[in-house]
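The sequence lines fix the lettering, A, B, ..., with proteins before strands; numbering per chain opens at 1.
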Amino acid sequence: MGNSPPTPPDDITSKQIQTILAGWGKQHFRPFPWRTPLKEWHGLIAEILLQRTRAANVIPVYQIFIQRFPLPQQLGMASVEEIENIIRPLGLHWRAPLLKKLGQKLSENDGCVPHDEQALNSLPGVGAYVTAAFLSLHAGVRSIIIDSNIVRFVGRLSDCLVDGETRRKKWLIAYVEALTPLNDINVFNYALLDFTMEVCTTIPKCDICPLGERYCAYRKRNIAEKTPNECGII
DNA sequence: AAGACGGGGAC
DNA sequence: GTCCCAGTCTT
Ligand code: SF4
């Protein structure tokens, strides 16, 4: 028998982490173009373009994309070639034919994006992450989001090694579920995205982290071992 | 469960 | 040059 998987923090601790992250997020909210009030269609497109791609790199492609395809109908009628050319700087070109199918499928629904989890998840190019991100960030529906940055963050909180499969593990999902508040879902999820993008990064910036050793087992161990962290600052 | 996809920026 | 990024789809 190996080590048992990490268990989520208790309710009190989870709420404290939520409060700290939400407070941090309010002061460090990043106004990406897809975060300003927008059409749901544009929000869905943004989440797809953001797959495995740093947000800053998506900005110019997103602007061109929604200018060329303001409505799903226009995307559905475009050629795969044209779509592929527009998203080329982002790589993962297999998304081009899926985006065309997405436009066609939404056209059948009057161009409206469904708010049903099953319906979203079955759309071409839309998986667990895009479904949860769209619901929580663009439709006000509480959903937990799990991306590679958030997996890394949970790994740090619990001081557990993670890999590419960790995002599908039950313990990880339960952990994020416990951390995610019942209300103000978009505020918390934006904070979680920004925090994991800017503070709990591949090389963590523990010296500016609002959580620290009280909430982060990785940080606590580094301090206890009196080894310099990966920032090189105590 | 494991592999493929991908350009581009950070280091 | 290496690693990693708001994952998804296919064996
Ligand atoms: S203390 Fe460091 S490792 Fe822990 S959550 Fe903060 S930035 Fe991440």
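In this structure, CD1 of A:I48 is placed 9 Å from P of C:dC9, rounded to the nearest angstrom. To the nearest angstrom, P of B:dG6 lies 14 Å from CG of A:N85. Summarising the geometry, the separation between NZ on A:K205 and P on B:dA10 is reported as 11 Å, rounded to the nearest angstrom. The distance from atom CE of A:M197 to atom C1' of C:dC5 is 10 Å, rounded to the nearest whole Å.
A heavy atom lying under 4.0 Å from DNA chain C marks the following residues of residues 159-186 of chain A, by number: A:R167, A:R168. Near DNA chain B, defined here as any heavy-atom distance below 4.0 Å, there are no residues from residues 133-154 of chain A. A heavy atom closer than 4.0 Å to some atom of DNA chain B occurs in A:R88, A:P89, A:L90, A:G91, A:L92, A:H93, A:W94, these being the qualifying members of residues 86-108 of chain A. Residues of residues 19-29 of chain A that place a heavy atom closer than 4.0 Å to DNA chain B do not occur.
Applying the side-chain hydrogen bond (donor to acceptor under 3.5 Å, both in side chains) test to every pair with at least one member in residues 60-89 of chain A, sequence neighbours left out, gives these pairs: A:R68-A:E82, A:N85-A:R88. Residue pairs meeting the ring-ring contact (aromatic ring centres under 6.0 Å, His included) criterion with at least one partner in residues 169-190 of chain A, sequence neighbours excluded, are A:F29-A:Y190. Sorted by first and then second residue, the ring-ring contact (aromatic ring centres under 6.0 Å, His included) pairs involving residues 66-90 of chain A (not counting sequence neighbours) are A:F65-A:F69. Among residue pairs with one or both ends in residues 98-119 of chain A, those qualifying as side-chain hydrogen bond (donor to acceptor under 3.5 Å, both in side chains) are A:E40-A:H115; sequence neighbours excluded.
With sequence neighbours excluded, no residue forms a ring-ring contact (aromatic ring centres under 6.0 Å, His included) with A:H93. With sequence neighbours excluded, no residue satisfies salt bridge (charged side-chain N to carboxylate O under 4.0 Å, His left out) with A:R54. Partners of A:D194 according to the salt bridge (charged side-chain N to carboxylate O under 4.0 Å, His left out) rule, which considers only residues two or more places apart in sequence or in another chain, are A:R35. For A:R214, the salt bridge (charged side-chain N to carboxylate O under 4.0 Å, His left out) test picks out no residue, with sequence neighbours left out.
Residue A:V58 is classed as having no contact, given no heavy-atom separation below 4.0 Å to the nucleic acid. Within the 4.0 angstrom heavy-atom criterion, only backbone atoms of the sugar-phosphate kind lie near A:A128; the bases stay farther away.
The number of heavy-atom neighbours closer than 6.0 Å to CG of A:D10, taken from other residues, nucleotides and ligands shown, is above 12.
With contacts defined as side-chain heavy-atom distances shorter than 4.5 Å, the pair A:F195/A:C209 qualifies.
Judged by atom type and distance alone, A:R54 reaches the base of C:dC4 through a side-chain donor-acceptor pair under 3.5 Å.
Both A:T53 and A:V126 lie close to DNA chain C; mapped to their nearest nucleotides by heavy-atom distance, the more 5′-ward contact belongs to A:T53. Along DNA chain B, the nucleotide closest to A:Q51 and the one closest to A:N57 are compared, and the more 5′ of them pairs with A:Q51.
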